[in-house]
K.L.:
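Right, I'll just put the structure down here and ask away after.
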Amino acid sequence: MLIFKQQLAQVIAGLPLAKDAGLTAPAIEAAFSAPPKPDMGDLSLPAFPLAKALKMAPPQAAAKLAEALQQQQLSYCSEIRTAGPYVNFYLKADALARDIIGDVNGRSPGDALEQWHYGDNESGNGKTVVLDISSPNIAKPLGVHHLRSTMIGNSLKRIYEANGWRAVGVNHLGDWGTGFGKLIAGLCEAFPDIALKVGRKHTTPAEIEASFQGWSAEDLNQIYARFSQRSKDDPALEDAGKREFAYLERALDATLDDDDPETAHMRRNFRLWEYIKRISLREFEVVYRLLGVKFAPWPLVYPELKQMYERDGAAFFREYGLYTGESYFVAGAPYCKQLIEDAKKAGIAEHSEDAYVIFVDGKDKPPILLLKDDGATSYHTRDMAGGRYRRDHFQMDKGVYVVDFRQGLHFKQLFKGLEMLGHEWAKECVHVEFGLMLGKDEETGKWGIFSTRKGKILLLHDLLNDAIETVKKIVAEKNPDLAKDAGRLTEIATRVGVGAVVFNDLKQGRRNDVKFDWDEVLDFSGETGPYMLYQYVRLGSVQRKFRERYGEVSGTPDYAKLTHPQERELLKMIASFPEAVERACRENEPSVIGRYLLDLSALFSSYWTATKDEGIVGDDRNLSQARIALVGALRKVLGRGLALLGLRLVDEM
RNA sequence: GCGCCCGUAGCUCAACGGAUAGAGCAUUCGCCUUCUAAGCGAAUGGUUGCAGGUUCGAUUCCUGCCGGGCGUACCA
């Protein structure tokens, strides 16, 4: 309703009454709300601030304001009434329809999602936000809990873009740390022949590839878990893990061509690590493809991606996020070393308990750990380095870290530490925290964290496939014609099934823990992704019916025909979409859009049933034309909104 | 101990300081010859954890309790 709020706020701010009270247009605009019931008007303005400034009772102030406004000749306003301390505005039906549908069609021309930009704004123009999203650890399969950062982050990226920002998605892979030393130690112990072969100088990539034929991230995870478990009571194994990691770390700075044992050792560890990464990413890609998100290894290596980036950087960042593993800041870019030097030079790093640390919040609070007592970097160091890198390479104005809430302290320290180094931009960095994915314990009935430790991890890939298969069954039952085409069925079932899982995750406020209920996720009735996609399909099929019956019709419809009360509600709902897009961005909260779309879908579904007998497309051609204009606008808004959540659209299901 | 988050209908969640606190699920009752019933309508269901405070107005802000979750330098 922004377009009307703005116009009215201008008018009101110009009144002597408002001037006396010191009310400005922006303040008035923000004060508007929707009346609780449709028959109470379309917009409502509480008169409390006015009453206070003019020192009169609120209802009296409301009456005075209404009186002044009634003399203003507002073309789009049919009536202004007071209800106690509120001034309620009734907008003219045809003005509502003409302005709102016109606005939608102006900003969302055509029939392709790519052209739909109604709801967008320019508030972020010229600024770059870098979003840290997904960021799984390698050498472990993706579990259901990885859905959250990936899809909240993906949605936020799109929402920022809709708010005018250039948005760069970064997948900050956990691909570094002493854990990889243990994994390598465990791997070499269990598969000495592979270790031997990989370490030899002349072993070709194809031979290494063959050695790891059929390996999965879960295999790696098992090897790590077993070794890690054993090393708990065996200091020798603990040391072995540290030693292997040290060789890996040294390999980054070495030329690996020599034949001496030290070099061979480094080479072996480095190659093993590369393959650990390759096995993991290959597996991640399958899931990311299902989810509809893409990441490109950064810096770019593949020629076609490089070309695309050079041709149109903005388009590239819209389509691809970037993989920048933690290792990159140790190896590829010398950011960690530089950071440590700078911290020492600035005098904020100090020696404590054999480590280098920065106390960001007094000596009694945990500090940032810059260098461990064994000289290795910690994740603090790598995140600080990563932040600087993002600033330097992507001109980051704002950093958004989509990471679960348990890392709250870490990010607080991170931002503070960067500020202490003189980086003002760190003030614009936020930790967009989210709740955990909880599973129900069958025995105790209590909700608890999905754990990798107990080995009871629910794989994201399995969940998505299950959802897809469930959708296939439902389609076979409800839409047999569609089910006959196996290719189409798979495509649609994928979109609907994945959409169900994704929306289940995005529909509630991100801070809440998600209580994952298998039955509920696979139940597609009520407030679900499939419900909204279903409404989207209905909107499309009623448009199709109109074209079949009346053909292509041009000219402005007779909007005065839209007298159905729900048509008015739908129009107002459409008009408030831009506010949802703005608020979702301001609060880093995709569920704002999710909630909005559920309300929009429910309202339309109700309208659909209410008009079932006469038909949205019926015998009255002019009425049908006006209604189909409304339907067209609704479809564009719903489609655009779903895309902002990261759902993919379907035209039948 | 200190710090962060949370507590709303039987369950899962909404409500950007505003009017009679709303949805979905579950339960009960209705509605498909038609543009897809993955839908719609209705009924039932509340001392918003407790006690104070600020305010014309508090689920929302502040303080204190109670209850739950998480974090608290060498795993990230």
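Naming: A, B, ... by sequence-line order, numbering from 1 per chain. As the structure is a prediction and not an experimental result, all values here were calculated from the model.
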K.L.:
With rounding to whole Å, what would you report as the distance between B:G45 and B:C5 at their P atoms?
P.N.:
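That atom pair is separated by 36 Å.
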
K.L.:
Please check: side-chain N/O of A:S605 versus main-chain N/O of A:S601, any donor-acceptor pairing under 3.5 Å?
P.N.:
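Side chain of A:S605 to backbone of A:S601, a donor-acceptor pair under 3.5 Å: no, none is there.
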
K.L.:
Syn or anti: how is B:C32 classified when any glycosidic angle within 90° of 0 counts as syn?
P.N.:
syn

K.L.:
Can you check the distance between B:G67 and B:G24, where both ends of the measurement are the P atom (answer in whole Å)?
P.N.:
35 Å

K.L.:
Could you tell me whether a side-chain N or O of A:T381 sits under 3.5 Å from a main-chain N or O of A:S378, the two making a donor and an acceptor?
P.N.:
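A pair under 3.5 Å: yes.
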
K.L.:
What integer number of Å spans the C1' atoms of B:U27 and B:C70?
P.N.:
36 Å

K.L.:
Is a donor-acceptor pair below 3.5 Å formed from side chain A:S44 to base B:A19, judging by atom type as modelled?
P.N.:
yes

K.L.:
Could you check A:D404 against A:H145 for side-chain hydrogen bond (donor to acceptor under 3.5 Å, both in side chains), going step by step and ending with a plain yes or no?
P.N.:
CA-CA 10 Å; A:D404 84 60; A:H145 56 283; over 6 Å; no

K.L.:
Between A:W608 and A:Y534, is the ring centroid distance below 6.0 Å?
P.N.:
no

K.L.:
So what does A:P35 touch, heavy atoms closer than 4.0 Å: a base, only the sugar-phosphate, or nothing?
P.N.:
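The residue A:P35 makes base contact.
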
K.L.:
Give every pair of a protein N or O atom and an N or O atom of nucleotides 10-12 of chain B that lie under 3.5 Å apart, one pair per line with the distance.
P.N.:
none

K.L.:
For RNA chain B, write out the stems as range with range, using runs of 3 or more consecutive Watson-Crick or G-U pairs with both distances under 3.5 Å.
P.N.:
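The stems that RNA chain B takes part in, listed by first number, are B:1-7 with B:66-72, B:10-13 with B:22-25, B:27-31 with B:39-43, B:49-53 with B:61-65.
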
K.L.:
Nearest whole angstrom, please: distance from the P of B:U36 to the CE of A:M532.
P.N.:
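Going from CE in A:M532 over to P in B:U36 covers 20 Å.
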
K.L.:
Ignoring hydrogens and angles, answer whether the base of B:A38 and the side-chain atoms of A:Y534 contain a donor-acceptor pair closer than 3.5 Å.
P.N.:
no

K.L.:
On a whole-Å scale, what distance lies between the P atoms belonging to B:G49 and B:A37?
P.N.:
40 Å

K.L.:
Look up atom OG1 in A:T178 and atom CG in A:L183, then write down how far apart they are to the nearest 0.5 Å.
P.N.:
11.5 Å

K.L.:
Would the distance check show the side chain of A:S624 and the main-chain N or O of A:V617 forming a donor-acceptor pair, the cut-off being under 3.5 Å?
P.N.:
no

K.L.:
Using the rule side chain to side chain contact (heavy atoms under 4.5 Å, CB included), only one of A:V475, A:V650, A:L482 pairs with A:R488; which is it?
P.N.:
A:L482

K.L.:
Pick base, sugar-phosphate or nothing for A:G615, based on heavy-atom distances below 4.0 Å to the nucleic acid.
P.N.:
base

K.L.:
Does A:S44 use its side chain to pair, donor to acceptor, with the backbone of A:P35 at less than 3.5 Å?
P.N.:
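Checked: no pair found.
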
K.L.:
Check the surroundings of atom NZ in A:K372: do more than 12 heavy atoms from other residues, nucleotides or ligands lie under 6.0 Å from it?
P.N.:
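It does: A:K372 NZ has more than 12 such atoms within range.
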
K.L.:
Indicate, with a heavy-atom threshold strictly under 4.0 Å, whether A:V631 touches base, sugar-phosphate, or nothing.
P.N.:
nothing

K.L.:
A:F48 stacking on B:G18: centroids under 5.5 Å, ring planes under 30°?
P.N.:
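Stacking is present between B:G18 and A:F48, given that their ring centres fall under 5.5 Å apart and the planes under 30°.
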
K.L.:
Can any side-chain N or O of A:R510 pair as donor or acceptor with the backbone N or O of A:N588 at less than 3.5 Å?
P.N.:
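Side chain of A:R510 to backbone of A:N588: a pair is present.
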
K.L.:
In whole angstrom, give me the gap between the P atoms of B:A73 and B:G68.
P.N.:
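Roughly 24 Å separates the two P atoms.
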
K.L.:
Look only at the side chain of A:N88 and the backbone of A:T82, and say whether a donor-acceptor pair between them is shorter than 3.5 Å.
P.N.:
no

K.L.:
Could you go through A:E477 and A:K472, starting from their C-alpha distance and side-chain angles, then the distance that decides it, and tell me whether this counts as salt bridge (charged side-chain N to carboxylate O under 4.0 Å, His left out)?
P.N.:
CA-CA 9 Å; A:E477 191 186 306; A:K472 279 186 181 173; over 6 Å; no

K.L.:
Report which part of the nucleic acid A:P36 touches: base, sugar-phosphate, or nothing (heavy-atom distance under 4.0 Å, all strands).
P.N.:
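The residue A:P36 makes base contact.
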
K.L.:
Check for a donor-acceptor pair, side chain of A:R81 on one end and backbone N or O of A:V87 on the other, with a separation under 3.5 Å.
P.N.:
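Looks like no, no N/O pair under 3.5 Å.
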
K.L.:
Begin with the C-alpha distance, continue with both residues' side-chain angles, and end with the deciding distance and a verdict on side-chain hydrogen bond (donor to acceptor under 3.5 Å, both in side chains) for A:Q535 and A:R538.
P.N.:
CA-CA 5 Å; A:Q535 305 314 323; A:R538 280 174 157 181; 3.0 Å; yes

K.L.:
Which value, in whole Å, describes the distance between the C1' atoms of nucleotides B:C11 and B:C65?
P.N.:
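Looking at atom C1' only, B:C11 and B:C65 are 28 Å apart.
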
K.L.:
I'd like the P distance from B:U20 over to B:C66, given in whole Å.
P.N.:
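Result for the P pair: 35 Å, nearest Å.
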
K.L.:
Just by modelled atom types, is the A:D233 backbone N or O under 3.5 Å from a matching donor or acceptor in the A:E238 side chain?
P.N.:
no

K.L.:
What does the B/S/- profile of nucleotides 2-8 of chain B look like, 5' to 3', with a 4.0 Å heavy-atom cutoff to protein?
P.N.:
---SS--

K.L.:
Across the strands shown, which category fits A:S33 at heavy-atom distances under 4.0 angstrom: base, sugar-phosphate, nothing?
P.N.:
nothing

K.L.:
Tell me every residue that passes side-chain hydrogen bond (donor to acceptor under 3.5 Å, both in side chains) with A:E326, counting only those two or more places apart in sequence or in another chain.
P.N.:
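side-chain hydrogen bond (donor to acceptor under 3.5 Å, both in side chains) list for A:E326, sorted by chain: A:R382.
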
K.L.:
Which part of the nucleic acid, if any, lies within reach of A:N137 when heavy atoms closer than 4.0 Å are counted: base, sugar-phosphate only, or nothing?
P.N.:
sugar-phosphate

K.L.:
Of all of residues 541-549 of chain A, which get a heavy atom below 4.0 angstrom from RNA chain B, listed by number?
P.N.:
A:S541, A:V542, A:K545

K.L.:
Inspect the contact between A:E567 and A:R627 and indicate whether a charged nitrogen and a carboxylate oxygen are less than 4.0 angstrom apart.
P.N.:
yes

K.L.:
Answer with base, sugar-phosphate or nothing: what part of the nucleic acid does A:G509 contact at a heavy-atom distance below 4.0 Å?
P.N.:
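Here A:G509 touches the backbone only, sparing every base.
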
K.L.:
If the cut-off is 4.0 Å, is A:K612 near the phosphate of B:A37, judged by side-chain N/O to OP1 or OP2?
P.N.:
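Affirmative; the distance criterion is met.
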
K.L.:
Just call it for A:N88: base, sugar-phosphate, or nothing, with non-hydrogen atoms closer than 4.0 Å on any strand.
P.N.:
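Result for A:N88 = base.
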
K.L.:
When you measure from the centre of the six-membered ring of A:Y356, is the NZ or CZ of A:K344 under 6.0 Å away and within 45° of the axis?
P.N.:
yes

K.L.:
Over all strands shown, is A:T178 touching base, sugar-phosphate only, or nothing at heavy-atom distances under 4.0 angstrom?
P.N.:
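Sugar-phosphate, backbone atoms only, no base.
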
K.L.:
Output a table of nitrogen or oxygen pairs between the protein and nucleotides 15-17 of chain B separated by less than 3.5 Å.
P.N.:
residue	atom	partner	partner atom	Å
B:C16	O4'	A:R583	NH2	3.3

K.L.:
Measure the acute angle between the ring planes of A:F415 and A:Y401, then classify it against the limits of 30° and 60° as parallel, tilted or perpendicular.
P.N.:
tilted

K.L.:
Between A:S605 and B:C40, does any side-chain N or O lie under 4.0 Å from OP1 or OP2?
P.N.:
yes

K.L.:
I'd like to know if A:S378 reaches the base of B:A76 with its side chain, counting only an N/O donor and acceptor under 3.5 Å.
P.N.:
no

K.L.:
Is there a side-chain polar atom (N or O) of A:W608 under 4.0 Å from OP1 or OP2 of B:U36?
P.N.:
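Result: no.
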
K.L.:
Contact class for A:Y531 (heavy atom, under 4.0 Å): base, sugar-phosphate, or nothing?
P.N.:
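Sugar-phosphate only.
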
K.L.:
In whole angstroms, how far is the C1' atom of B:A19 from the CE atom of A:M40?
P.N.:
6 Å

